[in-house]
Participant: 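Okay, here's the structure, questions in a sec.
As a basis for the values below, the full set of heavy atoms in this structure was taken, side chains included, without hydrogen atoms, waters or symmetry mates. Chain letters run A, B, ... following the sequence lines, proteins first and then strands; every chain starts at 1.
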Amino acid sequence: MTTVLIKDIGQHNGKQVTLKGWLYNRRSSGKIQFLIIRDGTGFIQAVLVQSEVSSQDWELATGLTQESSVEITGMVKEDTRSPLGYELAVETFAVIHSAEEYPISLKEHGVDFLLDHRHLWLRTPRQAAIMHIRNSVIKAMRDWLDTEGFTLIDAPILTPAACEGTTTLFETEYFGDKAYLSQSGQLYMEAAAMAMGRVYCFGPTFRAEKSKTRRHLIEFWMMEPEMAFVDHKQNMALQESMVKYVVKAVLDNHLRDLELLERDTAKLENILAKPFAKMTYDQAIQYLQSQGHEIQWGDDFGAPDETALANLHDGPVFVEHFPTAIKAFYMKPVPERPEVVLAADLLAPEGYGEIIGSSQRIDDLDLLLQRIQEQKLPEEAFAWYLDLRRYGSVPHSGFGIGLERFISWICGLSHLREAIPFPRLINRLYP
RNA sequence: UCCUCAGUAGCUCAAUGGUAGAGCAACCGGCUGUUAACCGGUAGGUUGCAGGUUCAAAUCCUGCCUGGGGAGCCA
């Protein structure tokens, strides 16, 4: 007798196996009972026929509560009536723990209730599908980076000062000093790129903004590659390659999960076939003005602007050459046009917003110093960063990809909170 | 911080000034192929909180609290 996983059940057709899992649902029809069992790898229907099990087991099953943990032994049978293709004909079973009345029924629930019960919500098929895809997205990104010669360099989470001096940071006490939770590992990656050539970090980032939209989390995961001797154009090409690699990996391995999420996979297939669209900030402003948007050259895009630009295309679109004034201090100006920078945002289609922010970095010491002074950033805090321009400075570029926005787009989610196991939102630090 | 919508049974929702109800979950019973099974029954309420108007308030008014959606900011 072997304990097997539901995802591998097809390999055991016609054989006796043991499953360990939880009761997702129970239906009965007098002398036959159907137990839907989940084990974290899948869901299977176990069939109990009264005349074929002991009366003791039959009674146990009759009183089984939702989410009780069980160990079931039976015969694997192919069955076309099952969505999985297989069922388990139960022979014996044991209750490991009889669950108390379970709060999450199989009917609809509101967002507030589900978020309060996130620790239990994760057990549902939809959330399990998203978490499996999240795992594959991370794995695919790292696989791609490995084959492209990147080295993982972990950036610190406690930092002495603002990385970019823009967003609101979480402040904490650090042995009498102040420290801040990281909003980006980029500056550290620039140091690492000068050491290892191609590097990336992957970890949580924190923004204390009082954002209250479906596109924002207080704590989210960001992957930030940084490459020495790579310019703005090569940077964009690498981003496109990575995004396509990851989307293809999910399509190859998660069709059933995407189907469960009711994702239109044709829209994902479609982006693999052709190059991503590109437009300049100038063109974007011109287009938005022609559509009646209240926006001037020099303004940053609002959410409705981004959506309008994304809707111009059926795939992701790069918007490049943003005004220097609205972008971070370290971005390199376009040589013949210093009022714009060698930066690009990648906007996901279908209104999912910016999933990548990228730029070529300033490699000239004097210009970088000037920018730090212009933006009134604390020069001392950036002394080590300026050092990178003193000892063998080279052209270099990098990008940051927001994991949850990427996942939300791939899965077709309506809110980022479903893309992370335990979302931190404004007013929500539990569970 | 601003705009907007909402808060009624464990959950999802009805009840628009006149006796607080349904479905699901729970509990009891029925059914040998159910797919959020179905059928019958039982139990379950300080209508977010405080005040006001009224013969009468879940319902109208004021304030507060909590949450949803959006804006700004960003990935």
Participant: Which part of the nucleic acid, if any, lies within contact of A:Ser82, taking any heavy atom under 4.0 Å across all strands shown: a base, the sugar-phosphate backbone alone, or nothing?
Facilitator: nothing
Participant: Could you pull out all residues at least two apart from A:Leu114 that satisfy side-chain contact (heavy atoms from CB on, under 4.5 Å)?
Facilitator: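 Listed in chain order: A:Ile104, A:His109, A:Trp121.
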Participant: Determine which bases of RNA chain B form Watson-Crick or G-U wobble pairs with both distances under 3.5 Å, and write the result as a 5' to 3' dot-bracket string with | for other-strand partners.
Facilitator: (((((((..((((....[..)))).(((((.......))))).....(((((..]....))))))))))))....
Participant: Looking only at atom C1', what distance separates B:rA20 and B:rC61, rounded to whole Å?
Facilitator: 23 Å
Participant: With sequence neighbours left out, which residue pairs that include part of residues 298-309 of chain A fulfil the salt bridge (charged side-chain N to carboxylate O under 4.0 Å, His left out) condition?
Facilitator: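 Listed by first then second residue: A:Arg215-A:Glu306.
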Participant: Could you check how far CZ of A:Arg405 sits from C1' of B:rA75, rounded to whole Å?
Facilitator: 4 Å
Participant: Remember a base hit wins even if backbone is also touched, and classify A:His216 as base, sugar-phosphate or nothing at under 4.0 Å, heavy atoms.
Facilitator: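 It contacts base atoms.
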Participant: Between A:Asp231 and A:Lys332, is there a side-chain N and carboxylate O pair less than 4.0 Å apart?
Facilitator: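 Salt bridge absent between A:Asp231 and A:Lys332.
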Participant: Looking at A:Asn427, I'd like to know whether one of its side-chain N or O atoms comes within less than 4.0 Å of OP1 or OP2 on B:rU66.
Facilitator: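 The answer is no; no side-chain N or O of A:Asn427 sits under 4.0 Å from OP1 or OP2.
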Participant: With sequence neighbours left out, write down each residue that passes salt bridge (Lys or Arg N to Asp or Glu O under 4.0 Å) with A:Lys139, or none if nothing qualifies.
Facilitator: A:Asp143
Participant: Would you confirm whether the ring centroid of A:Phe206 sits within less than 6.0 angstrom of the ring centroid of A:Tyr180?
Facilitator: no
Participant: Classify the nucleic acid contact of A:Asp300 as base, sugar-phosphate or nothing, counting any heavy atom under 4.0 Å across all strands shown.
Facilitator: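 Sugar-phosphate only.
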Participant: Under 4.0 angstrom, heavy atoms only, what part of the nucleic acid is A:Glu354 near: base, sugar-phosphate, or nothing?
Facilitator: sugar-phosphate
Participant: Which part of the nucleic acid, if any, lies within reach of A:His415 when heavy atoms closer than 4.0 Å are counted: base, sugar-phosphate only, or nothing?
Facilitator: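 Sugar-phosphate, backbone atoms only, no base.
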Participant: Give A:Arg417 one of three labels, base, sugar-phosphate or nothing, depending on what nucleic acid heavy atoms sit under 4.0 Å from its own.
Facilitator: sugar-phosphate
Participant: Base, sugar-phosphate alone, or nothing: which one does A:Gln45 contact when heavy atoms must sit under 4.0 Å apart?
Facilitator: base
Participant: Report all interatomic pairs (protein N or O, nucleotide N or O of nucleotides 21-30 of chain B) with separations under 3.5 Å.
Facilitator:
from: B:rA26; atom 1: O4'; to: A:Glu101; atom 2: OE2; distance (Å): 3.4

Participant: Spell out protein contact along nucleotides 4-9 of chain B as letters: B when the base is contacted, S when just the sugar-phosphate is, - when no protein heavy atom is under 4.0 Å; keep the 5' to 3' order.
Facilitator: ------
Participant: By the 4.0 Å heavy-atom rule, please label A:Ile356 as base, sugar-phosphate, or nothing.
Facilitator: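 A:Ile356: backbone/sugar contact only, no base atoms under 4.0 Å.
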Participant: Look at all strands and tell whether A:Leu403 reaches a base, only sugar-phosphate, or nothing, counting heavy atoms closer than 4.0 Å.
Facilitator: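 Nothing, no nucleic acid heavy atom in range.
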